[in-house]
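Remarks on the structure that follows.
In what follows, chains carry the letters A, B, and so on, assigned in the order in which the sequence lines appear, proteins first and then strands, with residues in each chain numbered from 1. Quick caveat: nothing in here was measured; it's all calculated off a predicted structure.
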Amino acid sequence: MIQLVLPDGNKKEFKAGVSLYEVAQAIGPGLAKAAVGALVDGELHDLRERVYKNCAINIITTSSPQGREILCHTTAHIMAQAVKNLFHAVKLGIGPAITDGFYYDFDLPRRLSSSDLEKISEEMRRIIADDLSIERWEKSREEAKEIMQERGEELKLELIDELDTETVTFYQQGDFIDLCRGPHLPSTSYVNPNAFKLISVAGAYWKGDESRPMLQRIYGTVWNKKTELDTHLERLAEIERRDHRKLIKELDLVSFNDEGGAGLAYWHPKGGRMRVLIEDYWRKLHYEGGYEIIFTPHIGRAQLWETSGHLDFYRDGMYSPMEIEGQDYYIKPMNCPFHVMIYNSRTRSYRELPLRWAELGTVYRYERSGTLHGMLRVRGFTQDDAHIICTPEQIDEEILRVLEFSLNLLRGFGFTKFKIELSVRNPKTPEKYAGEDLMWEEAEASLVKALEAKNFSYHRMEGEAVFYGPKIDIKIEDALGRTWQCTTIQFDFNIPGRFDMMYIGEDGKEHRPYMVHRALLGSIERFYALLVEHYNGAFPVWLSPLQVVVLPVSQDNSGYAQSIAQQLRAVGIRVEARTERGRTINYLIRQAQLEKIPYMLVVGKREEEQGTVAVRLRTEEDLGPCRLDQFIELITEKITRKELI
RNA sequence: GCCGGCGUAGCUCAAUGGUAGAGCAACGGUUUCGUAAACCGUAGGUCGGAGGUUCAACUCCUCUCGCCGGCUCCA
């Protein structure tokens, strides 16, 4: 007999060699029915596997992340089987589970189109209906290679060669065999034929390597129940509806055009108004937070970029130089070297440190055409950049300061959920990084100290540091639960040495300062896109390009509407009176709704007689009649508190 | 950049080798209206651009620009 420990701490006795499925049954028939795998001492296994010794057992259902992974992975196999059944000369690539679904890469001479997806789905439903048992078996590497050779699965052969295990595991369902670590569902019928959907076909390089052939990848999603699938598809539809590329056009905020070139944003008056509001708020906070604001050029001589190392390490991201009087000048992809020029413009004393220099610096980077994506990925953008130059003794406090400063800034825009990542160097390859070991250790220590001083929970990302220093990244979570990296706070052990930055210390000697590079919103363009999607274009009052519209019920009330607008404008409210002739009040309200204007003031005969305004919100809430001074008080309060509406 | 898809009026979309069309927006007129679209009319297009095939090209071919979904990279 063996003893198994259940997650609740209870122990149960079984005969040695009991299958995990039997264990699930013994715990409860309901669990057995929902079970798709099991954790044995924390390791994920198939339900069919047997246990022979004492261990901790945790039966997994598809409601857990591991269970979902099994479901997704098996569905990927079913899809691969369907593709092999339908098309000749298919070679299998890889087919893993991913967030919310799966994909499988195929080498297939025929081009897949989205209309093929329906055919493949039908074949998948047939495979599911066949209730094929999914078997796991192991082979030696040689046998494994023979099997795959025989089946012409050249890509799989390559994968076997890369494995460092003695034996190779396979999964088989019907005549479909795949090289796979598993685990998998016990049978194809475990997949609900109504709860999966193939989403799209796309090209993907074999192993993500551009020099390798391009395969065809099919993405799909799978859930337990149709209702869950529907919820997921609805979420995708919501993401599409909120797409900033659509909203910036509809709301007349920002545009792109072919004539001007790809990846270059044009800010229209309304978008421009918002950008000014964002930047003004940013400047105010920076001055309050002890920063100075600087301005630097857009181009600089080649020598500058040689010294900084950009021409060695970042050339691919830079545009070709322009020649001016025999000298090469490059348009800047980053602001750092220019900030250093200001620092090096004279001798610096320890007394003036720390220096916190911020710039809304517009940079241009070459991005390959296929990577451009609305305002999220462009070729010209403005970074909310700053460099903190300080003594080693000051670094702990500076890091703490900038962390809090960033979170405060982001909260001002209505973001409340954050994820923090600490990226440190890969200890196995210290030679790949600039700067001395001691500096790396100190820097990492001060980053950790800052995070722990404030009890911030964070993920430690080993080997994710950039070559010139460790960093902290802050990701914000938006209204749809997606996360976006905005803030990055990076040590730079490279630049100070390259530019020979110095300060005179208390001891009268020269010392090298520490430099921290930070961008909080990241890029204004990108951050703006996030705002648009986060708020679905219905911005908080303080950010709305137009805060109030005054809507006359009839032409007779135009004059009154104008005077209301005039009074609001006088106290700094962004307002428009819509007195255009021939428009019904219903039309005006509908237009204002579509424009997502926070406040609509309806003025008709009643309001004009009583000297009031009827307040309607874009949420469709009707606040009823209100004196203008009361309304001004209300909206001013909302603006100051940065409330939504 | 690469693979696949797409590009028709300001916007959303029709028209499968034979005279380019609708709704909304714009403009003109009528209507003066109470919380999401009043009514009538007018105008608007070298069908992304260039070249080619054809008696004839929005439609087929080549190149090019841009957009979309991915690969890769990242703000």
Presence of [X] side-chain N/O under 4.0 Å of [N] phosphate oxygens OP1/OP2:
X	N	result
A:Ser369	B:G1	yes
A:His373	B:G69	yes
A:Tyr103	B:G69	no
A:Arg618	B:A36	no
A:Thr584	B:A38	yes
A:Arg245	B:C68	yes

I'd like the [atom1] distance from [M] over to [N], given in whole Å.
N	M	atom1	value
B:G48	B:C65	C1'	7 Å
B:C40	B:A56	C1'	40 Å
B:G49	B:C11	C1'	22 Å
B:A37	B:C55	C1'	49 Å
B:U30	B:C47	P	38 Å
B:A43	B:G23	P	14 Å
B:C63	B:C2	P	11 Å
B:U59	B:A20	P	13 Å

Taking the side chain of [X] as heavy atoms from C-beta outward, which of [options] is closest to it?
X	options	value
A:Ala614	B:G34, B:C71, B:A75	B:G34
A:Gln555	B:A38, B:U32, B:G34	B:U32
A:Lys249	B:U12, B:A75, B:C71	B:U12
A:Ala202	B:C71, B:A75, B:G69	B:G69
A:Ser523	B:A75, B:A36, B:G1	B:A75
A:Ile585	B:C33, B:G70, B:U31	B:C33
A:Arg526	B:A75, B:G66, B:C67	B:A75
A:Phe381	B:C3, B:A75, B:U32	B:A75
A:Ala262	B:C33, B:A75, B:G66	B:G66
A:Arg581	B:G69, B:C65, B:U31	B:U31

Answer yes or no: is there a donor N or O on one side and an acceptor on the other, between the side chain of [X] and the main chain of [Y], under 3.5 Å?
X	Y	value
A:Trp305	A:Gly300	yes
A:Arg518	A:Asp384	yes
A:Arg275	A:Lys270	no
A:Lys156	A:Gly93	yes

Which part of the nucleic acid, if any, lies within contact of [X], taking any heavy atom under 4.0 Å across all strands shown: a base, the sugar-phosphate backbone alone, or nothing?
X	value
A:Arg368	base
A:Tyr219	sugar-phosphate
A:Glu620	base
A:Gly582	base
A:Gly208	sugar-phosphate
A:Arg616	base
A:Val363	nothing

Can you tell me the distance, in whole Å, between the [atom1] atom of [X] and the [atom2] atom of [N]?
X	N	atom1	atom2	answer
A:Tyr587	B:A37	OH	C1'	8 Å
A:Glu607	B:U35	CD	P	11 Å
A:Tyr205	B:G4	OH	P	11 Å
A:Ile94	B:G70	CD1	C1'	14 Å
A:Leu215	B:G69	CG	C1'	17 Å
A:Leu251	B:C11	CG	P	15 Å
A:Arg212	B:U72	CZ	P	14 Å
A:Glu367	B:C73	CD	P	12 Å

Could you verify whether a donor N or O on one side chain and an acceptor N or O on the other, from [X] and [Y], lie under 3.5 Å apart?
X	Y	result
A:Tyr528	A:Arg526	no
A:His244	A:Glu533	yes
A:Thr221	A:Asp100	no
A:Thr584	A:Asn586	no
A:Trp206	A:Asp105	no

Does the base of [N] carry an N or O that pairs as donor and acceptor with the side chain of [X] under 3.5 Å?
X	N	answer
A:Glu259	B:G48	no
A:Gln593	B:A37	no
A:Tyr366	B:G1	no
A:Arg377	B:C73	yes
A:Arg590	B:A37	yes

If the condition is salt bridge (charged side-chain N to carboxylate O under 4.0 Å, His left out), which residues does A:Arg242 pass it with, not counting sequence neighbours?
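Applying salt bridge (charged side-chain N to carboxylate O under 4.0 Å, His left out) to A:Arg242 gives A:Glu238.
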A:Val615 or A:Leu372, whichever maps to the more 5' nucleotide of RNA chain B:
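Final value for this comparison: A:Val615.
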Identify, between A:Asp209 and A:Gly522, the residue whose nearest nucleotide on RNA chain B lies closer to the 5' end.
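Nearest nucleotide further toward 5': that of A:Asp209.
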So that I can tick it off, tell me whether A:Arg356 and A:Glu398 are bridged by a salt bridge, with the cut-off set at under 4.0 angstrom between side-chain N and carboxylate O.
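Judged by the 4.0 Å cut-off on N to carboxylate O distance, A:Glu398 and A:Arg356 do form a salt bridge.
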List RNA chain B stems (3 or more consecutive Watson-Crick/G-U pairs, under 3.5 Å)?
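B:1-7 with B:65-71, B:10-13 with B:21-24, B:26-30 with B:38-42, B:48-52 with B:60-64 - these are the stems of 3 or more pairs that involve RNA chain B.
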Quick one: does NZ or CZ of A:Lys475 land under 6.0 Å from the six-membered ring centre of A:Phe418, within 45 degrees of the ring axis?
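Relative to the ring axis of A:Phe418, which defines the angle, A:Lys475 lies outside at least one limit.
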